[in-house]
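For reference, the structure is listed below as structure tokens.
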Amino acid sequence: MDTYSLRPDRFDSAGQDQLVDVRDLQATLPGIRRLRTWAHDALALQPGEHAVDVGSGTGSEVIAFADAVGPTGEAVGVEPDPHLLASAERRASQLGSRAKFHSGDAYGIPFGADTFDALLCERVFQHLTAPARAANEIARVLRPGGRAVVMDVDWDTAIVHPGDRQVVRQVLDTLVSATTNPLSGRRLPGLLTQAGLVVDDIGSHALVQDRSVGAGSLVTRISAMAVARGSITEAQRDQLLADLERGAASGDIHLSVTMFAVLAHKPH
């Protein structure tokens, strides 16, 4: 649960490298790895196909796409943050990958209609104020018969244990209210359907935080926000963080959130 709310534009150039490292570490969480494996299996890229990752971050999935489509295909990443774009390009160059990267976002994928056979979009929709617009853009760039996997967290599925249940509920409500599109996970099938795509399958996985980190940085930050807005007291926050630290020490701790992945295709 730790770093989903980080925004790249809040970091200076020195902080950018740290952010890249954090995202790469985060991507090794077993839940994200398993759901990404599900996504690649569902997309089933073939040599010669054209694939795009919208919100490609540090470029790992685009590089995997490039390996799958081979020299006769094309794998591109679309990413709005220039620092992450530069990191992805360096990584691809170091690996001798054919992956390419372009500046753009989910509202403006910089390619024409009916361009791609396959599309991935991971953990983007939770940040969007107009998710239907992004779903329409995904449908636009897919070729007839093309398939997409859109993955995102549903923050209202978060679990924090142990702790007083009322205090935990106030902290989680603060988390939901602090996220632009907090229920994005459950909304994906409807958004893609309304954009004209056909939903074929839905996968999910609980992203469970490593027990050794105790409360973790996200709960620490969000509980401070809950105090600031008067939802809980400072004493209640201190008690929650202490409960979580004791839980980590005794093995009685669970912090998680569920991420959903929707496979859909564009009808002929």
Side-chain angles (χ1 to χ4, degrees), residues 8-9 36 39-93 95 97-152 181 184 187-201 261-268:
D9 56 2
R36 281 183 174 173
H40 284 277
D41 289 345
L43 289 173
L45 283 172
Q46 301 298 312
E49 289 193 315
H50 292 240
V52 61
D53 182 6
V54 180
S56 52
T58 58
S60 59
E61 306 315 291
V62 187
I63 291 168
F65 283 173
D67 290 340
V69 301
T72 61
E74 184 179 33
V76 299
V78 173
E79 169 60 46
D81 183 81
H83 299 280
L84 293 176
L85 269 178
S87 173
E89 288 169 345
R90 283 196 303 270
R91 173 181 288 189
S93 176
L95 294 174
S97 173
R98 295 174 180 271
K100 298 177 181 178
F101 299 90
H102 298 266
S103 179
D105 59 32
Y107 296 141
I109 302 172
F111 294 92
D114 304 337
T115 297
F116 294 103
D117 301 291
L119 179 148
L120 176 67
C121 184
E122 178 190 328
R123 284 180 291 166
V124 170
F125 273 63
Q126 65 182 293
H127 303 296
L128 301 180
T129 57
R133 181 178 162 197
N136 288 333
E137 186 70 351
I138 287 171
R140 181 186 70 81
V141 300
L142 279 180
R143 291 173 175 167
R147 60 269 184 213
V149 169
V150 184
M151 303 166 56
D152 221 318
N181 185 20
S184 53
R187 297 185 63 200
L188 293 176
L191 287 166
L192 296 175
T193 299
Q194 290 159 20
L197 302 181
V198 177
V199 172
D200 299 302
D201 200 3
V262 179
L263 170 67
H265 75 272
K266 184 173 181 176
H268 290 281

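Since we're looking at a predicted model, the values are computed, not measured.
Distance alone, capped at 3.5 Å, places no donor-acceptor pair between the R36 side chain and the E122 backbone. Side-chain atoms of D152 come within 3.5 Å of backbone atoms of F125 as a donor-acceptor pair (strictly under, hydrogens ignored).
Between R147 and E49, at least one side-chain nitrogen of the basic residue sits less than 4.0 Å from a carboxylate oxygen of the acidic one, meeting the salt-bridge criterion. A salt bridge links D114 and K266; the closest N-O separation between the charged side-chain nitrogens and carboxylate oxygens is under 4.0 Å.
The only option from V62, I63, L119 that meets the side-chain contact (heavy atoms from CB on, under 4.5 Å) definition with D53 turns out to be V62.
Among all heavy-atom pairs drawn from G196 and P267, the shortest one is O-CD, 3.3 Å. Residues A88 and G57 share a closest heavy-atom pair of CB-O, 3.8 Å. For the residue pair A39 and M151, the shortest heavy atom distance occurs at CB-SD, 3.9 Å. Here the shortest heavy-atom pairing between S103 and P110 reads O-CG, 3.6 Å.
To the nearest 0.5 Å, atom CG of residue L191 and atom CZ of residue R133 are 14.0 Å apart. How far CG of D105 is from CG of L128: 8.5 Å, rounded to the nearest 0.5 Å. If you take CZ on R91 and OG1 on T58, they are separated by 4.0 Å, rounding to the nearest 0.5 Å. With rounding to the nearest 0.5 Å, the separation of CZ in R123 from OG in S184 is 11.5 Å. The structure places CZ of R98 at 14.0 Å from CG of L95, a figure rounded to the nearest 0.5 Å.
A 4.5 Å side-chain heavy-atom check between F111 and H102 finds at least one atom pair inside the cut-off. Between V149 and V262 the shortest side-chain heavy-atom distance does not fall below 4.5 Å. When side chains are defined from C-beta on, F65 does not count as touching E74, because their heavy atoms never get closer than 4.5 Å. Here the side chains of L197 and I138 are in contact, with some heavy-atom distance below 4.5 Å. Residues L84 and F101 have side chains not in contact (no heavy-atom distance under 4.5 Å, counting atoms from C-beta outward). A 4.5 Å side-chain heavy-atom check between N181 and R187 finds at least one atom pair inside the cut-off.
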